[in-house]
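Just the heavy atoms: all of them, side chains too, but no hydrogens, waters or symmetry mates, feed the values below. This chain uses plain numbering: 1 for the first residue, then up along the sequence. Just so it is clear, the structure is predicted and the values come from calculations on it, not from any experiment.
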Amino acid sequence: MNMPIGWRAASSAGLCAIALLGAMAAFAQAVPANTQRPPDWPERASRASALQREKPRAVATAGVVTLFTEGPPNIVIANATVIGVDDDDGFGNDTVCLEAFDDFSTLVATQCYTVAVGATATLAFALTWNGPIGSVDPGIGLYLMDENTHAILGYVNPLTPAMTPAPFNVMAAPPAAVPALRRAALPLLLALLTLLAVWQNRLWRRGDPSAKHPARGGGQ
């Protein structure tokens, strides 16, 4: 059967469109929107690019602030259960920090721990600093951070002495398979389009007698 040229073009365009839509859908799923941004996002965390926040990072499963007293000195006691995911230091450890922010996203105190990749650890934090608590916003903002990516693992904001004990708002872990899907999307698209072009060309040649028996030159 000799397929008309118009049908050939329409068929080829349709197959290419399906391939493109499939690749676009895969790529869209590979870059989920960051919809879990907490209030008063710290300046330090906002400096991390979207790409950095998509990298593997530690996961917090639970946490609670057990004490917050205004001094001097100001004291925060908290604990958090964290799973190590990314090798930050080259020795198989993931670094996690608890950071306290006052008015205008000012970092006033921080403490960091390392957690072995694949291990679950309960970390005990004790932050102290001097100086009055700012009055522009009530209390402070307390953030559990992944040191390498600056991703927020959990937070309490605002935190005032009257609120303790206060559980952390734990952030959902990013899907583990997403980065691999994103990297593979473009090569898969190119390979699929190449296979479609070869397959379509073979179909045309099978259905076109002139492709099998080219016209010979010469007189009548």
Give the minimum heavy-atom separation between [X] and [Y], together with the two atoms involved.
{"X": "V85", "Y": "D94", "value": "N-OD2, 2.9 Å"}
{"X": "M171", "Y": "G154", "value": "CG-N, 4.0 Å"}
{"X": "Q111", "Y": "A126", "value": "OE1-N, 2.8 Å"}
{"X": "L144", "Y": "A60", "value": "CD2-CB, 3.8 Å"}
{"X": "P158", "Y": "P138", "value": "CB-O, 3.5 Å"}
{"X": "L142", "Y": "L159", "value": "CD2-CD2, 4.0 Å"}

Would you give the length of the straight line joining atom [atom1] of [X] to atom [atom2] of [Y], rounded to the nearest 0.5 angstrom?
{"X": "D88", "Y": "N93", "atom1": "CG", "atom2": "CG", "result": "8.5 Å"}
{"X": "L153", "Y": "T81", "atom1": "CG", "atom2": "OG1", "result": "12.0 Å"}
{"X": "M145", "Y": "C97", "atom1": "CE", "atom2": "SG", "result": "8.5 Å"}

For residues 66-79, dump all side-chain donor-acceptor pairs below 3.5 Å to protein atoms at least two apart in sequence or in another chain.
{"unit_1": "T66", "atom_1": "OG1", "unit_2": "I77", "atom_2": "O", "d": "3.2"}
{"unit_1": "N74", "atom_1": "OD1", "unit_2": "G71", "atom_2": "N", "d": "2.9"}
{"unit_1": "N74", "atom_1": "ND2", "unit_2": "W129", "atom_2": "O", "d": "3.2"}
{"unit_1": "N74", "atom_1": "ND2", "unit_2": "G131", "atom_2": "O", "d": "2.8"}

Please enumerate all residues that pass ring pair (Phe, Tyr, Trp, His ring centres under 6.0 Å) together with F125, with sequence neighbours excluded.
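Partners of F125 by the ring pair (Phe, Tyr, Trp, His ring centres under 6.0 Å) criterion, ordered by chain and then number, come out as Y113.
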Do V64 and L127 belong together in a cluster built from hydrophobic side chains that touch within less than 4.5 Å?
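No.
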Please check if the side chain of [X] supplies one atom and the backbone of [Y] the other of a donor-acceptor pair under 3.5 Å.
{"X": "D146", "Y": "A58", "result": "yes"}
{"X": "N169", "Y": "Y155", "result": "yes"}
{"X": "D103", "Y": "D137", "result": "yes"}
{"X": "T164", "Y": "A166", "result": "no"}
{"X": "D102", "Y": "G134", "result": "yes"}

Contact check, side chains of I83 and V115, non-hydrogen atoms, under 4.5 Å
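No - every pair of side-chain heavy atoms lies 4.5 Å or more apart.
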For a side chain to side chain contact (heavy atoms under 4.5 Å, CB included) check, start with the C-alpha distance between T95 and D89, then their side-chain angles and the critical distance, and finish with the verdict.
CA-CA 8 Å; T95 304; D89 59 6; 5.5 Å; no
D86/N148 under side chain to side chain donor-acceptor pair (under 3.5 Å): CA gap, chis, key distance, verdict
CA-CA 9 Å; D86 186 37; N148 184 40; 3.1 Å; yes
Quick one: are the ring centres of F101 and Y143 less than 6.0 Å apart?
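Yes, the ring centres sit under 6.0 Å apart.
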